[in-house]
There are 2 protein chains.
Amino acid sequence: MATKIDPRPRDADRTREAILQAAQQVFAEKGFAAATIRDITARAGVNQSLVSRYFGGKLKLFEAALEAALDARLMTDLPKAEFGKLIVARFADGDGRVSPLPMLFRAAADAEARSVAQRLLHERVLEPLAQWIGGADAGVRAARLMMISLGFFTYREQLPLAGFAGAVDPDLRRWLEDEFQAIVDNGHVRR
Amino acid sequence: MATKIDPRPRDADRTREAILQAAQQVFAEKGFAAATIRDITARAGVNQSLVSRYFGGKLKLFEAALEAALDARLMTDLPKAEFGKLIVARFADGDGRVSPLPMLFRAAADAEARSVAQRLLHERVLEPLAQWIGGADAGVRAARLMMISLGFFTYREQLPLAGFAGAVDPDLRRWLEDEFQAIVDNGHVRR
DNA sequence: TCACGATGTAAACGTACGTTTACTTGCTGG
DNA sequence: CCAGCAAGTAAACGTACGTTTACATCGTGA
C-alpha cells in the first residue's frame, strides 16, 4: 500500500482555526444552546474533546467565535455617501462572509451567552459605530441603525415569512436604504 | 388535626389554565429550548406529567401558549390617529399583559418552535395588521411595522445595553413614534 | 536515536431533559 | 354505599449533552 499522506498534519493552530470557523457557522445557524460541540467538531473534522482543551469549554468557544466574526468590520468600512444602498446590499444579498448578527441575537436565548453577546455588541459594534457616525446624537443614531438591522435580520432569517425568505420586496428595500442613509447623513429621512 | 382545606380542588380546567399561564411567562423569559417543563409545572404548582397529558408535549404547549398570548390583540386595537404614541407606550412601558413578542422571537432558536412561531405570526399578527392598515402597499407597511417592533424588542429586552435597559431615550422614542405613526398614516415619515 | 511533550482519539461519566408508566387519591352516579 | 373513572402524583426510562479521563500517536531537541 502506498504511503498515506495525511492531508491534515498535526497542527494545533490549524485545528484551533478549523474549530473556530465551524463554530461560527454552527452558532450562526442554530444559536448557542442548540449548537452542540459534537456538531461543531464533526464539521471541523476533529475530536470533540479539543474544544475543552483549546478553548476551555463551549461558552469560551462562543466568545472566541463571536469575537472573530466581529473582527471583520461590519458597517464602518462603507463610504457614507452610499451607505444605504451598500449596507442593505450586504445584509440582503450577503457578501460571502459569515455575518455576526445572527450569532449575536440567536445567542440571546441562553443567559450566559447573552451577557457575552451584550458586551461584545457594545464594545465592538455600537461604540465604533457611534464614533464613525459622529455628532451629538451619534448614540441615538447608532441605536436606530442597530434596531433596524436587528429587526431586519430577525424578520428575514429568524421568522422568515412566505414571500420574504427570498428577495426583499423592492419597496421595503427602498425604505431600508433610505432609513440607513438618513441615519448616517443627518438623522432625518430625505424623501 | 383540623381538616385540611385544599385550596386547589381537583379541577382539570383550572389546572390546564395554570399551566398555560405559567408557560407564557417562562417561554417569554427563557425561550422555547431553555424553558423546561419542570420549571413551568413547578410555577403552576402541578405535576410535570400533566403537560403531556393535557397538551400532548412541550411543543404543543408552546403552540397553545403562544396562541393564547396572541389572542389579545396586539396592535390593531389602537386608534390610528395616535397610533405612534400609544404603541410605543405599550411597548416601552408595558401594559400589564405578557407580550407575545418575546415569545415569538425567543422561540426562533429552536427549529420546531420557529416554524410554529412563523405560522402564528403570519396568521395572527401580520395578516390582521395588513388588513387593518389597508391600502395597496399594506403588506410592505405591515412588514416595516413588524421589523421595527422586532428590532426594538431585540435591542431592548434581548440585548439590553447600558443606558437602554431602563427608560427609552427621548430622541429615540420620538423617532419610534414618528415611524410607527407614518406607517399607519401613509407610509411616509412626516417631519 | 529516543525519551518526552504536544497532539489527537475513543470511551466513559455525570447531569438534565421530555416523556412514559404505575400508582394513589378524590369525586360522583346509580 | 361503592364501583369506576377522572385527576394528580412519584418514580423511572431513554436520550443527548458538555466535560473529563485514559490512552494512542506523532514530531523533535538533546
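Residue numbers begin at 1 in each chain, while the letters A, B, ... track the order of the sequences.
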Separation of atom CD1 in B/Ile19 from atom C1' in D/dT9, rounded to whole Å:
13 Å

Just how far, in rounded Å, is C1' of D/dA7 from OH of B/Tyr54?
5 Å

Is there any protein nitrogen or oxygen under 3.5 Å from a nitrogen or oxygen in nucleotides 24-30 of chain C, and what are the pairs?
from   : atom 1 : to      : atom 2 : distance (Å)
C/dT25 : O2     : B/Arg10 : NH1    : 2.8
C/dT25 : O2     : B/Arg10 : NH2    : 2.5

With B/Phe180 via ring pair (Phe, Tyr, Trp, His ring centres under 6.0 Å) - residues at least two apart:
none

Indicate the ring-plane relationship of A/Phe91 and A/Phe152, choosing parallel, tilted or perpendicular according to the 30° and 60° boundaries.
parallel

Return the orientation label for the B/Phe27 and B/Phe32 ring planes: parallel under 30°, perpendicular over 60°, tilted otherwise.
parallel

Only counting residues at least two apart or in another chain, list the ones meeting side chain to side chain donor-acceptor pair (under 3.5 Å) with A/Arg16.
none

Under 4.0 Å protein heavy-atom contacts per nucleotide of nucleotides 17-23 of chain C, with B for base, S for backbone only and - for none
BBBBB--

Mind checking what makes side chain to side chain donor-acceptor pair (under 3.5 Å) contact with A/Glu112, not counting sequence neighbours?
none

Taking only distance into account, with no hydrogens and no angle test, what donor-acceptor pairs under 3.5 Å do side-chain atoms of residues 47-55 of chain B form with protein atoms, sequence neighbours excluded?
from    : atom 1 : to      : atom 2 : distance (Å)
B/Asn47 : OD1    : B/Ser49 : N      : 2.9
B/Asn47 : OD1    : B/Ser49 : OG     : 2.8

Is it true that atom CD of A/Glu82 has more than 12 heavy atoms of other residues, nucleotides or ligands lying nearer than 6.0 Å?
no

Taking atom C1' of D/dT25 as reference, at what distance in whole Å does atom CG of A/Leu50 sit?
14 Å

Whether B/Asp11 side chain and B/Arg14 backbone form a donor-acceptor pair below 3.5 Å
yes

